[in-house]
Amino acid sequence: MSTMTLPETDTRNETTDQTSDNRPELFHYVQKDKVAESAVMGTYVVALCGEVFPVTRAPKPGSPVCPECKEIFDSLPPGQD
């Protein structure tokens, strides 16, 4: 299994493991350089889908990803390593 990411993109979730209607929380694609700042300082990040939130948790393998973020991410040209 391989993972493809853009140089400045990472996935992070919003706030909790469950939404109010008992669905698993989705993880979003955000700029990688903003993740640590948000986690430490509590600043908000903007996901590819437009969702705005502070980073509070890291995704685990197999975590659900926002379908809108994934669609946008998949449509972007490959990043350079």
Side-chain angles (χ1 to χ4, degrees):
M1 180 169 142
S2 67
T3 303
M4 182 178 174
T5 60
L6 292 175
E8 298 299 319
T9 304
D10 199 3
T11 58
R12 300 293 164 160
N13 81 327
E14 292 181 45
T15 55
T16 62
D17 288 334
Q18 297 289 319
T19 59
S20 59
D21 62 359
N22 220 20
R23 288 181 297 150
E25 193 68 48
L26 297 176
F27 287 81
H28 297 272
Y29 286 97
V30 300
Q31 287 184 328
K32 188 181 277 188
D33 63 336
K34 302 291 183 183
V35 172
E37 177 185 337
S38 177
V40 173
M41 304 297 288
T43 57
Y44 284 70
V45 294
V46 180
L48 289 178
C49 68
E51 189 79 35
V52 179
F53 56 93
V55 173
T56 58
R57 299 178 55 110
K60 296 178 182 169
S63 297
V65 175
C66 168
E68 205 173 331
C69 280
K70 180 154 178 45
E71 182 179 332
I72 294 166
F73 178 80
D74 290 344
S75 71
L76 296 172
Q80 297 176 5
D81 290 341

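If you're wondering where the values come from, they're calculated on a predicted model, not measured in any experiment. Computation of the quantities below employed the complete heavy-atom set of this structure, encompassing side-chain atoms and omitting hydrogens, waters and symmetry-equivalent molecules.
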### Query
Of the non-hydrogen atoms in Ala47 and Cys69, which two are nearest, and what is the gap between them?
CB-SG, 3.9 Å
### Partners passing salt bridge (charged side-chain N to carboxylate O under 4.0 Å, His left out) against Lys70 (at least two apart in sequence or in another chain)
Asp74
### Message
Can you classify the ring geometry of Phe53 versus His28 as parallel (below 30°), tilted (30 to 60°) or perpendicular (above 60°)?
### Response
tilted
Which side-chain N or O atoms in residues 60-67 pair as donor and acceptor under 3.5 Å with protein atoms at least two apart or in another chain?
| residue | atom | partner | partner atom | Å |
| --- | --- | --- | --- | --- |
| Ser63 | OG | Lys60 | N | 2.9 |
| Ser63 | OG | Lys60 | O | 2.6 |

### Task
Return each pair, listed once, that meets side chain to side chain donor-acceptor pair (under 3.5 Å) where at least one residue sits in residues 34-43; pairs must be two or more places apart or across chains.
none
### Task
Could you pull out the closest heavy-atom pair between Val45 and Val30, with the gap in Å?
CG2-CG1, 3.8 Å
